[in-house]
Amino acid sequence: MTDSTGTTAPAPTADLDGAAAPDRSGLYLVDGSGFIFRAFHALPMMTRPDGTPVNAVLGFSNMLLKLLADVKAEAVAVVFDSARLNFRNEFYPDYKAHRPETPEELKPQFALIREATDAFCLPSLELDGYEADDLIATYARLAQEAGRPVTIVSSDKDLMQLVGPGVAMYDPMKNKHIGPDEVFEKFGVQPDKVVDVQALAGDSVDNVPGVPGIGVKTAAQLITEYGDLDTLLANAEKIKQPARRQKLIEFADQARVSRRLVQLEANAPQPKPLEDLRVREPDHRRLIDFLKAQGFRSIVARVEMEMKRDGRIADAGLPASPATPGAVDADGVVAPQPTATVEKRYELVQDLAALEVWVRRAQASGVIAVDTETNSLTPATATLVGVSLSTAPGLACYIPLAHGSAAAAAGQLDFDAPPPPKQIPTADLMAALKGMLEDPAILKVGHNFKFDHQLFARNGVTVSPIDDSMLISYALDGGAHGHGMDELAELHLAYTPISFKEVCGTGKTQITFDQVPLDKALDYAAEDADITLRLWTLLKPRLVEARMVTVYETLDRPLVPIIADMERAGVRLDQDALKRLSQDLAVRLVEIEKDVHQLAGQSFNIGSPKQLGEILFDVMKLGAGKKGKTGAYSTDSSVLEELAEQGHSIAQRVLDWRQLAKLKSTYTDALQEKIEALTGRVHTAFALAATNTGRLSSTDPNLQNIPIRTEEGKKIRRAFIAAPGNRLISVDYSQIELRLVAEMANIQALKDAFRDGLDIHAATAAQVFGVPLDQMTPDIRRKAKAINFGIIYGISGFGLSRQLGITPGEANSFIKTYLERFHELKVWMEATKSFARDHGYVETLFGRRCYMPGIQDKNPARRAFAERQAINAPIQGTAADIMKRAMNRVPAALAAAGSHAQMLLQVHDELLFEVPEAEAEQAAALVRAVMEGAASFSVPLVAEAGIGSNWGEAH
DNA sequence: TACTTCACG
DNA sequence: GACGTACGTGAAGTAT
């Protein structure tokens, strides 16, 4: 990070926070109220086991912890607003009148944050009738007069007016020091003129009116020219621009009122004397008790770690430290280090000699974090732009490879462009790193390493062994929160990394990474490798504590190179067929649209649910309509189907239109655009840490929801084809989730039916409805099938009734009979819900945990939802685990058999392969065998295979 | 950016 | 009797 003041050390030894080190004496005034709101909005909603929301409490606690680790202040105070109204409302009642109501999830957190402040043993300040900002101004003045340096800890621009001699600001969210230069950057004037600028520009958030038509830029210009607000207003007549002159004269009083609103009160009464704001030694046991009660496991770990380091183990009754922080133990695991105190040393590596140092460091420590930068998010075709490495917390480098050469690469000559910087040729870098990246004694750590693995593979390097901090987090905390690097850095390191959009911009002005200047690229890329290593250091040991090593090591981690290969292989599409389908659909959509408009008696946008609802229910008056919490009419397919059954032909036509419009926009049009020119194929990305249950997901494009259920949809599936001379093989598990229900709940009758190879829906129908198999009707079987599915989803009478179009009463009696026939199921469902309530998570048969926030929720609807999730997650998750076991074994099994089959896609219970025609039968049989043998239960696993020249035929 | 709808398992 | 319902995803389009 580069300090914008330009006053600190130059790269490569940039300062830790991109700012002058915080002063280690003096007074720190923390804007508590500001933090509550920022933390609340910055962090995803999270709750403690009892359902109390705590995201703002977590953000706040993290901030305090980081602050206390960063600075050795002699005095700290956390300052809060006391009430919504203050003295400003007396002369301007509308002040902050536009503020939205405090969100419900935030309200209970105010008291907890006061508690947190006490638990940290920090003094707090608040005063009726004054804002936190006024108290900050007052105490800043007092300290300044006493000759003590002051740091205001806040991200609020309204406090910038206080910056001056002896008073600085520090924004802990952005890790940024704010001095006079930063204030000038923001307001265009020195801090003492900030109120004048704000008085003119106003502030829509706080409802400060200012002068209409004048923004910060103009205000700064005027104040610079005239010196201050009063002089400006007194000389308003002299302003040249007529509109501006007129506004300033007309709104002079409003500007003066605005100044009174933004001017902070530095002479407020003092709730506590300045001397009382001393930092006291925290009561660690109390602090840990508080943090534990909120469920903040990672912070507790950090506090305990710092206590160990400080030799305070005994008084907290903690076990002795297993390792010295920073040291490497017998397993090659680096013990966690308190990260906030580590200094950043980022280096740009532009020649092989400098690189050599990093390779030696990796050899010495046995661990290195690796991250790649590219010009695209599709690793199968992206150009490698740079590589970053980190070998210790704070110690990282960036190796640029293709910066500033975009024009040259495109074969264009641009004599005005600066020459590309000195860079190691990509092939030379690969040659230099190959030994290290393939060295079995050096662990390579990445965050979402699948991406990087693919890039190295394309450059002839098979990275091994690897660890993935994203997948470790997923195994540890799946369902509790997301696992992206930025989110984890906030959560575990109390740090906000430089965002990609800060570096590359967004929207139309977005640039690719090769266009990023080297100094910025270094800050961003080196930081990614640094954070990856820090996260790994923190999270890896937790796998052992959480007994999640097996899940990670045998299910998720081995998948990285395998899925990287699938993505890289991509799948072939018949572009001509898609094009013809698009054209055909376009013609039919126009026809249907004409029909619908005629039936409606007017033209409107059929794709707009709002307009459609109004046409159907207001204009045509087809029934009552109205639904949904937003007050809009629901027009989803169940509503339209009902209308169609009542004989309203417009409803059926709209359904037809919807289906075709969906197929065209989401599939036949979009898929063509996803064909990569470089390979002629489509390369999806499988997300390995996206779902709450352990399933994969597929994006860009999503190839796990290609149509199949309708005849029109099947045409799209037939556009997925094998390369010439090859075939596609599809192998899918038969009824895997229902088999797992039988296994996990130990339902004897169901297990017998599966063992006997019966038609499972007919068999359950026979059991539940007492109809002999030879008298089974399709309708009875359909009902049994719906119940079977319902079980997997955490059945409810209401849901089943909607599915079957029967009354909830009938549905409930079906469920009752079902649970009587399969009595073991009820026991299992109750036990599973109870386990979820006790632990806050459920487990798959292979030990993967799925956290269930909401299982303790006071709201019965949300709790019921969590209970259904608790039933479904072990079933869906175990099926996902089994599929992962199969996928981990298939490539090796194929290779051992000398097969050239390539795995292409996974669709939850199905695998798709491409294979030379002559090997198809053999490969299909082999894959079936591996899938069926992926787990061994008392219920057999059955997989079925199909072969064809396209996906529709193979399935 | 949020909501609605719908494609799949 | 509350509450709003089948579980898990991702993408496109409209409305704000």
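In what follows, every chain begins at residue 1, and chains take the letters A, B, ... in the order their sequences are listed. Note that the structure is predicted; figures quoted are calculated from it, not measured.
- A heavy-atom distance below 4.0 Å to DNA chain B is reached by these residues of residues 681-697 of chain A, ordered by number: A:R695.
- At whole-Å resolution of the value, CG in A:L663 and P in C:dG13 are 13 Å apart.
- Judged purely by distance below 3.5 Å, without hydrogens or angles, the side chains of A:Y474 and A:T691 pair a donor atom with an acceptor atom.
- A donor-acceptor pair shorter than 3.5 Å cannot be found between the side chains of A:N692 and A:Y851.
- Heavy atoms of A:F789 sit nowhere under 4.0 angstrom from any nucleic acid atom.
- On a pure distance criterion of 3.5 Å, no polar donor-acceptor pair joins the side chain of A:R863 and the base of C:dG4.
- Across every strand in view, C:dA2 sits unpaired, with no contact that passes the Watson-Crick or G-U test at under 3.5 angstrom.
- Spacing between atom CG of A:L660 and atom P of B:dA7 amounts to 10 Å, rounded to whole angstrom units.
- Rounded to whole Å, atom P of B:dT5 lies 18 Å from atom CG of A:N705.
- One atom, CG of A:L655, and another, C1' of B:dA7, lie 15 Å apart when rounded to the nearest Å.
- Within the nucleic acid shown, A:G790 comes within 4.0 Å of at least one base atom, counting heavy atoms only.
- Across all strands shown, A:Q659 has heavy atoms under 4.0 Å from sugar-phosphate atoms exclusively, and none from any base.
- Base engagement by A:A786 is indicated by at least one non-hydrogen atom pair under 4.0 Å involving a base atom.
- Counting any heavy atom pair closer than 4.0 Å across all strands shown, A:I706 reaches sugar-phosphate atoms only and no base atom.
- For A:S665, no side-chain nitrogen or oxygen approaches OP1 or OP2 of C:dA11 to under 4.0 Å.
- In plain terms, the two heavy atoms of A:T684 and A:S698 that are nearest each other are OG1-OG, 2.8 Å.
- Heavy atoms of A:P860 sit under 4.0 angstrom from at least one base atom.
- Between the side chains of A:S499 and A:E502, a donor-acceptor pair is found at a separation under 3.5 Å.
- A:E641 places a side-chain heavy atom less than 4.5 Å from the side chain of A:L655.
- Here A:R658 lies in heavy-atom contact (under 4.0 Å) with sugar-phosphate atoms only.
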Apply ring pair (Phe, Tyr, Trp, His ring centres under 6.0 Å) to the pair A:F822 and A:Y818, showing each step before the final yes or no. CA-CA 6 Å; A:F822 303 124; A:Y818 193 102; 4.8 Å; yes

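- Within the 4.0 angstrom heavy-atom criterion, no nucleotide atom of any strand lies near A:N859.
- When the side-chain nitrogen and oxygen atoms of A:R868 are compared with OP1 and OP2 of C:dC7, one or more of them lie within a distance under 4.0 Å.
- Contacts of A:S796 with the nucleic acid, taken as non-hydrogen atoms under 4.0 Å apart, include base atoms.
- When the P atom is used for both C:dG1 and B:dC6, the distance is 36 Å, rounded to whole Å.
- Between A:F604 and A:H597, the ring planes are tilted. Angles from 30° to 60° get that label.
- Listed pair A:R862 / C:dG4 fails the phosphate criterion, with no side-chain N or O lying under 4.0 Å from OP1 or OP2.
- Regarding contacts with the backbone of C:dA15, a side-chain N or O of A:Q611 is found under 4.0 angstrom from either OP1 or OP2.
- Between A:T630 and the phosphate of B:dT4, there is a side-chain N or O to OP1/OP2 separation shorter than 4.0 Å.
- Spacing between B:dT5 and C:dT5 at atom P, rounded to whole Å, works out to 13 Å.
- Within 4.0 Å of A:E737, counting heavy atoms only, lies no atom of the nucleic acid at all.
- One atom, CG of A:L703, and another, C1' of B:dG9, lie 14 Å apart when rounded to the nearest Å.
- In terms of phosphate contacts, A:T666 brings no side-chain nitrogen or oxygen within less than 4.0 Å of OP1 or OP2 of C:dA11.
- Residue A:Q869 is in sugar-phosphate contact alone, with no base atom involved, counting any heavy-atom pair closer than 4.0 Å across all strands shown.
- A:E567 and A:Q454 share a donor-acceptor pair across their side chains, judged by distance under 3.5 Å alone.
- With both ends at atom P, the span from B:dT1 to C:dA6 equals 27 Å, rounded to whole Å.
- Side-chain N/O atoms of A:R681 and A:T381 include no donor and acceptor closer than 3.5 Å.
- Nucleic acid contact for A:N702: sugar-phosphate only, since backbone atoms but no base atoms lie under 4.0 Å from a heavy atom of the residue.
- Taking atom CD of residue A:E867 and atom C1' of nucleotide C:dG4, one finds them 14 Å apart after rounding to whole Å.
- Among the heavy atoms of the strands lying under 4.0 Å from A:I708 are primed sugar atoms or P, OP1, OP2 only; no base atom is included.
- Following rounding to the nearest Å, A:I606 (CD1) and B:dT5 (P) show an atom-to-atom distance of 15 Å.
- Among the heavy atoms of the strands lying under 4.0 Å from A:K610 are primed sugar atoms or P, OP1, OP2 only; no base atom is included.
- Candidate nucleotides C:dG4, B:dT4, C:dA6 were compared by shortest atom distance to the side chain of A:A861, and C:dG4 ranks first.
- A:E641 has its CD atom 13 Å from the C1' atom of B:dT5, to the nearest Å.
- Out of C:dG10, B:dT4, C:dG8, the shortest distance to the side chain of A:N872 is found at C:dG8.
- Heavy-atom nearest nucleotides on DNA chain C were determined for A:G797 and for A:H908, and the one closer to the 5' end corresponds to A:G797.
- For the 3.5 Å distance criterion, the side chains of A:E490 and A:T496 qualify, holding a donor opposite an acceptor.
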